Every structure is written in C-alpha cells, then in structure tokens.
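Written out below as structure tokens is the structure these notes cover.
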2 protein chains.
Amino acid sequence: MTVKPGQSVRGSTTGRPIMVLFDVLGQRWTLRILWELRLERLTFRELRSQCANVSPTVLNARLKELRELNLVDHDENGYGHTGLGAELAVQLGTLDDWSQKWAKSLDTQR
Amino acid sequence: MTVKPGQSVRGSTTGRPIMVLFDVLGQRWTLRILWELRLERLTFRELRSQCANVSPTVLNARLKELRELNLVDHDENGYGHTGLGAELAVQLGTLDDWSQKWAKSLDTQR
DNA sequence: ATATATGCTACAAATAATGTAGCATCAAGG
DNA sequence: CCTTGATGCTACATTATTTGTAGCATATAT
C-alpha cells in the first residue's frame with residue numbers, strides 16, 4: 001500500500017508531507033522517472049527504455065505509487081505528470097542547474 | 001567506491017551531474033540525513049537518533065558518500081553541511097513548502 | 001488470422017537495509 | 001592510573017528490495 005501524507009513512513013510517524021516525500025523519492029528510480037516525464041508523455045515501454053531498461057516490476061510499482069500520490073497519471077498517450085507532478089519536476093529542473101555548479105566545484109577541488 | 005559527477009551511475013553512463021545526484025538521493029536515508037543537518041551540526045549518535053535510529057551501517061555509508069561528494073563534512077562539533085550541502089538543503093526547504101501544498105491537495109481530493 | 005504494440009506479472013538471483021551487539025579511542029573525574 | 005561516559009564506528013545474521021529475463025493478455029491494424 002502506498003503511503004500518503006498524514007500516514008507514518010519509514011522513520012517518521014508524524015505524517016509530515018516532507019517525510020512522506022523523502023520516503024517516496026528515496027526509492028530507486030523514482031526521481032529518474034519523474035525526470036524522464038518532464039518533456040513529454042511516454043508509454044510504459046518508452047519510459048522503461050529511457051530509464052535504462054529498469055525492471056518492469058520496479059517501474060510498475062513506482063508508477064502505481066506516483067499515480068496514487070497524484071503526481072503521475074496515465075491516459076491513451078501513456079504516462080505523464082499531473083499538475084502537481086509538473087510542479088515537482090520544476091524543482092528537479094532547479095536541482096539540475098545546481099548540480100552542474102556542484103560538479104564544477106568538485107572538479108576544481110581535485 | 002562513491003560515484004562522482006563525470007562517472008557512470010545506475011542507468012546512465014553519461015556522468016551527467018543530475019544523474020549522479022539522483023543516484024545518491026535515491027538511496028534510503030540520504031535525503032533525510034541532509035534534511036536533519038539543516039539547522040545545526042550533529043554528532044553521529046545525535047544524527048542517528050534524529051533519523052529514527054537508522055542502522056549505523058547505513059548511516060556511516062551515507063556519510064562517507066556525502067563527504068566524498070563534498071556535501072557534508074565532519075569536525076570536532078560533529079557532522080554538518082559544507083557550503084554546497086547547505087545550498088542543496090535550501091532546495092529541500094523549497095520541497096518542504098511544496099509538499100505542504102501537495103498534501104492539502106491530496107486531502108481535498110479524498 | 002497474423003502481426004505489432006501495449007501494459008504489465010512471475011520468479012529466481014543478486015544486492016541493500018535492518019537491528020542488535022559490541023569494540024576502540026578519547027577526555028574528564030576521582 | 002583507573003573508571004566512567006561519550007564518540008565513531010564495525011560485524012553479522014535476518015529481512016526487504018531490486019534486478020534481469022521470460023512471457024502473458026489485450027487491443028488495434030493488416
């Protein structure tokens with residue numbers, strides 16, 4: 001069963017939304033899946049292919065969870081972000097910008 | 001061995017910084033550890049306690065990785081963010097704000 | 001009826017996380 | 001010195017998660 005805000009998660013019984021979010025994002029492939037859907041809707045197989053052929057078992061489990069959390073939806077054009085999912089993806093875009101600065105900094109340090 | 005930007009990670013051979021970041025953050029407890037260090041430096045035991053007594057095996061593995069990635073450091077006052085780690089933590093703060101909106105939206109939907 | 005695409009499920013093997021115990025080092029007090 | 005308490009871990013068996021591969025069921029197009 002997917003955990004939603006208000007419910008206990010790994011290491012937090014408060015149900016604080018951020019804890020629920022950490023619990024979801026801290027699973028393998030979740031961040032990547034959200035990222036790969038940022039530009040366009042993708043079918044299950046396309047998404048799987050863009051995610052380095054992640055096991056369909058895991059992909060399906062993540063998509064199910066993301067749908068229950070109203071971050072992703074599914075229609076005749078495949079999987080895509082909901083409004084909320086798109087908002088979250090914007091933040092991943094910010095992380096992308098930051099990560100480039102981070103990488104440069106690690107370089108000069110070496 | 002910790003993967004750094006420029007190196008291959010799970011499902012990406014490009015070394016794109018964002019992929020490296022997803023690989024790190026997509027492990028259990030990494031987001032939470034960065035979060036718990038946002039206010040003050042903490043000793044290993046304090047941090048462990050704030051992270052619901054996460055296993056010391058995992059905590060140590062994460063801290064080692066975060067140190068190698070220059071996001072966390074360790075001194076006589078315990079563990080804390082580096083400059084870059086603090087920047088990343090700011091983004092987690094933004095996620096915190098968003099997550100509250102998200103939780104409300106999920107509520108009204110039920 | 002075949003062919004092709006879709007969204008999956010099954011399952012064994014490999015990898016990661018958990019929980020508990022406890023060790024080694026250090027600094028402070030008696 | 002010799003405990004006491006704190007710190008930063010390591011060891012290790014158990015349990016949970018992920019991986020990789022195969023293939024099934026449905027739908028649409030030929």
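All values reported here derive from a predicted model rather than from experimental measurement. Computed over heavy atoms, backbone and side chain alike; hydrogens, waters and symmetry mates excluded.
Atom CG in B:Leu59 sits about 11 Å away from atom P in C:dT18, given to the nearest Å. Rounded to an integer number of Å, the gap from CG of B:Asp23 to P of C:dA16 is 10 Å. Computed from coordinates, the A:Phe44 CZ to D:dT26 P distance equals 17 Å when rounded to whole Å. In this structure, A:Asn53 atom CG and D:dT18 atom P are separated by 18 Å, rounded to whole Å. For B:Lys64 and C:dA17, the NZ to C1' distance is 17 Å, given to the nearest whole Å. Atom-to-atom, CD of A:Gln27 to C1' of D:dT17 comes out at 9 Å; the value is rounded to the nearest Å. Atom CG of A:Asp75 is separated from atom C1' of C:dG7 by 14 Å (rounded to the nearest Å). Rounded to an integer number of Å, the gap from B:Glu65 CD to C:dA16 P is 11 Å.
Ion pairing of B:Lys101 with A:Glu87 is present here, as a side-chain N (NZ or NE/NH1/NH2) and a carboxylate O approach within less than 4.0 Å.
Closest to the B:Thr57 side chain, of the nucleotides D:dT7, D:dT19, D:dA11, is D:dA11. Closest to the side chain of A:Tyr79, from the set C:dA17, D:dT19, C:dG7, is C:dG7. Taking only side-chain atoms of B:Pro56, from C-beta outward, the nucleotide of D:dT18, D:dG8, D:dA11 with the closest atom is D:dA11.
Between the side chains of B:Gln91 and A:Trp98, not a single donor N or O lies within less than 3.5 Å of an accepting N or O.
Screening B:Thr30, B:Asp73, B:Leu47, B:Val58 for a side chain to side chain contact (heavy atoms under 4.5 Å, CB included) with B:Leu63, the sole residue that qualifies is B:Leu47.
If you take CD on A:Gln100 and CG on A:Leu95, they are separated by 11.5 Å, rounding to the nearest 0.5 Å.
Interface remark: the B:Arg45 side chain does form a donor-acceptor pair with the D:dT7 base, using a distance-only criterion of under 3.5 Å.
Position along DNA chain C of the nearest nucleotide to A:Arg10 versus A:Leu42 favours A:Leu42 as the more 5'-ward residue. Residue-to-nucleotide proximity on DNA chain C shows that, of A:Ser55 and A:Thr43, the 5′-proximal contact is made by A:Thr43. Nearer the 5' end of DNA chain D, as judged by each residue's closest nucleotide, is the contact made by B:Arg48, out of A:Arg28 and B:Arg48.
Contact annotation: B:Arg62 side-chain N/O to C:dA17 OP1/OP2 distance is under 4.0 Å. Note on A:Trp29: every side-chain N or O is 4.0 Å or more away from OP1 and OP2 of D:dT17. Considering only side-chain N and O atoms, A:Asn60 lies under 4.0 angstrom from the phosphate OP1 or OP2 of C:dT9.
The shortest distance between side-chain heavy atoms of B:Gln7 and B:Val20 does not fall below 4.5 Å.
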